[in-house]
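Computed from a predicted structure; not experimentally measured. Start at 1 and go down the list; that is how both ligands and their atoms are numbered.
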Amino acid sequence: MVKNIAVIRGDGIGPEIVEQALHVLDRVAALYGHTFNYTDVDMGGCAIDKYGDPLPESELKKCIESDSVLLGAVGGNKWNDVPGHMRPEKGLLRLRAGMGVYSNNRPAKIWKQLADASPLKKEIVDKGIDFIIVRELIGGIYFGEHKTEGDVATDVLTYSEAEIERIGRIGFETAQKRNKKLCSVEKSNVLDSSRLWKKVMHRLADEYPDVELSDMLVDNCAMQIVKNPAQFDVIVTENMFGDILSDEASMITGSIGMIPSSSLGATTCGLYEPIHGSAPDIAGQDKANPIGTILSAAMMLRFSFDMRDEADAIENAVSAYLDAGYRTADIMSEGESLVGCRRCGELIVENLRKG
Ligand code: IPM
Ligand code: MG
């Protein structure tokens, strides 16, 4: 198959982690006889420097016209003082909205090789950590009006029934493919938008009788994720709660550097990115963990291109690399071999086998 992939290297560690993911994709293409064409897209701080805009229309267009988008990370201290509407992150938000990718899937799964890297007690980790956060990605407070007038700042949080319903359905369908448990997370004891969220989820539940729906307040959920993560199968939640809970969930699996994500809307053109940021403090030092991006590339093959064997091959190569005891600094512990970003990518490429 021939696929056109828009590649956003971005800022900070973005370029180095994306480079390794492209080496892995090239190896997959060679093994399975595919052609992956890459189109570079500027977004984030580098686009501000070049065009004075974190995502010019022409760059967004390249993404919308691609078969899918692979993204490293954007942002950094250098652009901290630019006005809110011009920040690097604004490029990312515009990209998500422009592509219409309302459904963000963030797996929190512990690799058996990394059980020691989890900050949780062994008896909690041993019960298993394997759940998915389905996060609404293009609504809520991120996309409401933002304004500062004098000494008052306002951010508006709005959800319509239709917006809740379409992400709710993804939550139920994701649960149907797994252990059929869906936990809807909101703050219905305080927020109107959350009361509407809960109402819509319960209305949908009638259409998915095989899925067991539960409700949880977001503050309790933050606690339950560290107390008893084994209780979760699929969590569905709104944009900002999903942002916060997915960082927490990634940490209990050992490192935020390992977690990929997929974002999809009405078409198969998806956005694939690790959930971590641009880590400017270690940028350019060959220290970053490229696995979150490499696994995001695997998700692209699986969900957008229907290349399941190829995606399995990447995941197996990552597993073989971890089995051999190699670790980047973020997941390093005693007795293992420290490698840099580039070597990590090379070793994963060497471990790729056609399944
Ligand atoms: C994420 C990030 C982004 C978000 C930032 C960079 C805008 O934290 O993908 O989780 O808040 O969605
Ligand atoms: Mg985040």
Side-chain angles (χ1 to χ4, degrees), residues 8-15 17-18 21 41-48 53-55 60 63 69-80 82-108 132-144 146 155-157 159 163 167 185 218 221-222 225 235-253 255-265 270-281 283 288-289 292-293 295-296 299-300 330:
I8 305 176
R9 295 166 202 264
D11 310 312
I13 58 171
I17 53 179
V18 166
V41 172
D42 293 314
M43 185 181 93
C46 57
I48 296 175
D53 182 337
L55 183 66
L60 172 61
C63 296
V69 182
L70 182 68
L71 163 64
V74 294
N77 304 337
K78 186 177 165 197
W79 303 280
N80 271 354
V82 303
H85 68 281
M86 273 273 298
R87 286 186 61 93
E89 291 82 0
K90 196 74 197 175
L92 177 57
L93 299 183
R94 231 190 264 160
L95 175 68
R96 290 172 177 169
M99 292 180 69
V101 288
Y102 61 84
S103 164
N104 180 221
N105 175 323
R106 298 188 163 186
I132 289 182
I133 297 182
V134 174
R135 168 187 175 192
E136 199 292 324
L137 202 59
I138 57 174
I141 201 162
Y142 276 63
F143 290 90
H146 307 289
D155 300 282
V156 177
L157 165 49
Y159 270 107
E163 282 174 303
I167 190 68
V185 172
V218 63
C221 182
I225 284 177
I235 288 174
V236 65
T237 193
E238 63 98 48
N239 203 344
M240 188 162 68
F241 297 160
D243 177 47
I244 298 167
L245 294 177
S246 62
D247 267 36
E248 187 193 13
S250 72
M251 196 56 227
I252 65 169
T253 69
S255 169
I256 194 168
M258 299 285 299
I259 311 286
S261 80
S262 66
S263 303
L264 284 156
L271 169 62
Y272 296 85
E273 52 176 321
I275 79 159
H276 60 72
S278 62
D281 52 320
N289 185 349
T293 316
L295 294 173
S296 298
M299 281 182 123
M300 170 186 293
D330 55 319

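Of the inter-residue distances, the one linking Ile133 atom CD1 with Ser246 atom OG reads 5.5 Å to the nearest 0.5 angstrom. Remark: Asp53 CG to His85 NE2 distance equals 9.0 Å, nearest 0.5 Å. Separation of atoms OG1 (Thr293) and CD1 (Ile275) is listed at 11.5 Å; rounding is to 0.5 Å. Here OG of Ser261 is found 5.0 Å from CZ of Arg106. Values are rounded to the nearest 0.5 Å. To the nearest 0.5 Å, atoms OH (Tyr142) and CE (Met240) are separated by 7.5 Å.
When atom types are taken as modelled, the side chain of Arg94 and the backbone of Leu55 share a donor-acceptor pair closer than 3.5 angstrom.
Here the side chains of Met258 and Asn289 are in contact, with some heavy-atom distance below 4.5 Å.
With sequence neighbours excluded, no residue forms a ring-ring contact (aromatic ring centres under 6.0 Å, His included) with Phe143. Shown here are the side chain to side chain contact (heavy atoms under 4.5 Å, CB included) partners of Asp42, two or more places apart in sequence or in another chain: Ala47, Lys50, Tyr51, Glu59.
Excluding water, every protein N/O/S atom under 2.8 Å from the Mg ion (ligand 2) is given here by residue and atom: Asp243 OD1.
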Are any protein N/O atoms closer than 3.5 Å to the N/O atoms of ligand 1? If there are, list each pair with names and the distance to one decimal place.
| unit_1 | atom_1 | unit_2 | atom_2 | d |
| --- | --- | --- | --- | --- |
| ligand 1 | 8 (O) | Asp243 | OD1 | 3.2 |
| ligand 1 | 9 (O) | Arg96 | NH2 | 2.7 |
| ligand 1 | 9 (O) | Arg106 | NH2 | 2.8 |
| ligand 1 | 10 (O) | Arg106 | NH1 | 3.1 |
| ligand 1 | 10 (O) | Arg106 | NH2 | 3.1 |
| ligand 1 | 10 (O) | Arg135 | NH1 | 3.4 |
| ligand 1 | 10 (O) | Asp243 | OD1 | 2.8 |
| ligand 1 | 11 (O) | Tyr142 | OH | 2.6 |
| ligand 1 | 11 (O) | Asp243 | OD1 | 3.4 |
| ligand 1 | 12 (O) | Arg96 | NH1 | 2.7 |
| ligand 1 | 12 (O) | Arg135 | NH1 | 3.3 |
| ligand 1 | 12 (O) | Arg135 | NH2 | 2.8 |

